[in-house]
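The basis for the numbers below is simple: all heavy atoms, side chains too, and nothing from hydrogens, waters or symmetry mates.
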Amino acid sequence: MKTHRDLEVWQKSREFVTTVYTLTRDFPKDEIYGLTNQIRQSAVLIPSNIAEGSARRKNKEYRQFLYIALGSLAELETQLIIAHDLKYIESIAEYDSSIANLRMMLESLIKSLKDKKVD
């Protein structure tokens, strides 16, 4: 039986968490309970919500958790832009493609679940 671990979007989003943690490691220490924590939490929530949604029995619930993951991805993108504005990171260009790819994968999975129309 397939689980969230078999989903490429879960695998890629989990890998992105590692990238985010590495990126934020050098943020100012006074940001540990501020922006650093927010960025890390948003990143972790993406694969977490994919996993929780896939464990739900109803298609509609699964989609709802995928929408939450999509929201967390948008939050993460915004927080990285803010980190750039504050000069904590030089460029977010290298993260844009990962964010766009994760967004596309989540939207594709949501669409495939909508097309099944099973709830």
Is it the case that the side chain of T22 and the backbone of T18 share a donor-acceptor pair, with hydrogens and angles ignored and the cut-off at 3.5 Å? yes
Is a side-chain N or O of D6 found less than 3.5 angstrom from the main chain of T3, in a donor-acceptor match? yes
Inter- and intrachain pairs under salt bridge (charged side-chain N to carboxylate O under 4.0 Å, His left out), touching [range], at least two apart:
range	result
residues 65-76	none
residues 84-105	E77-R103
residues 104-113	K111-D115

How long is the gap from [atom1] on [X] to [atom2] on [Y], to the nearest 0.5 Å?
X	Y	atom1	atom2	result
I82	I39	CD1	CD1	8.0 Å
K114	K60	NZ	NZ	11.5 Å
I92	S97	CD1	OG	11.0 Å
L66	S54	CG	OG	8.5 Å
F65	H4	CZ	NE2	13.5 Å

With sequence neighbours excluded, residues passing side chain to side chain contact (heavy atoms under 4.5 Å, CB included) with K12: E8, E15, L102, M105
Where is the tightest heavy-atom contact between [X] and [Y], given as atom of each residue plus distance?
X	Y	result
Q79	Q38	OE1-O, 3.3 Å
L113	R63	CB-CG, 3.7 Å
R57	E61	N-OE1, 4.1 Å

Under a single-linkage definition using a 4.5 Å side-chain heavy-atom cutoff for Ile, Leu, Val, Met, Phe, Trp and Tyr, are [X] and [Y] assigned to the same hydrophobic cluster?
X	Y	result
L109	Y67	yes
F16	M104	yes
V9	I99	yes
W10	V17	no
L7	L70	yes

Results of ring pair (Phe, Tyr, Trp, His ring centres under 6.0 Å) for F27 - residues two or more places apart only: Y88
Hey, mind stepping through L80 and L23 against side chain to side chain contact (heavy atoms under 4.5 Å, CB included) and telling me if it holds? CA-CA 10 Å; L80 290 175; L23 170 69; 3.6 Å; yes
Is any side-chain heavy atom of L86 closer than 4.5 Å to a side-chain heavy atom of L35? yes
Can you give me every donor-acceptor pair (side chain of residues 43-53, partner residue at least two apart or in another chain, under 3.5 Å) with its distance?
{"residue": "S48", "atom": "OG", "partner": "V44", "partner atom": "O", "Å": "2.8"}
{"residue": "N49", "atom": "ND2", "partner": "L45", "partner atom": "O", "Å": "2.9"}
{"residue": "E52", "atom": "OE2", "partner": "R56", "partner atom": "NH2", "Å": "2.8"}

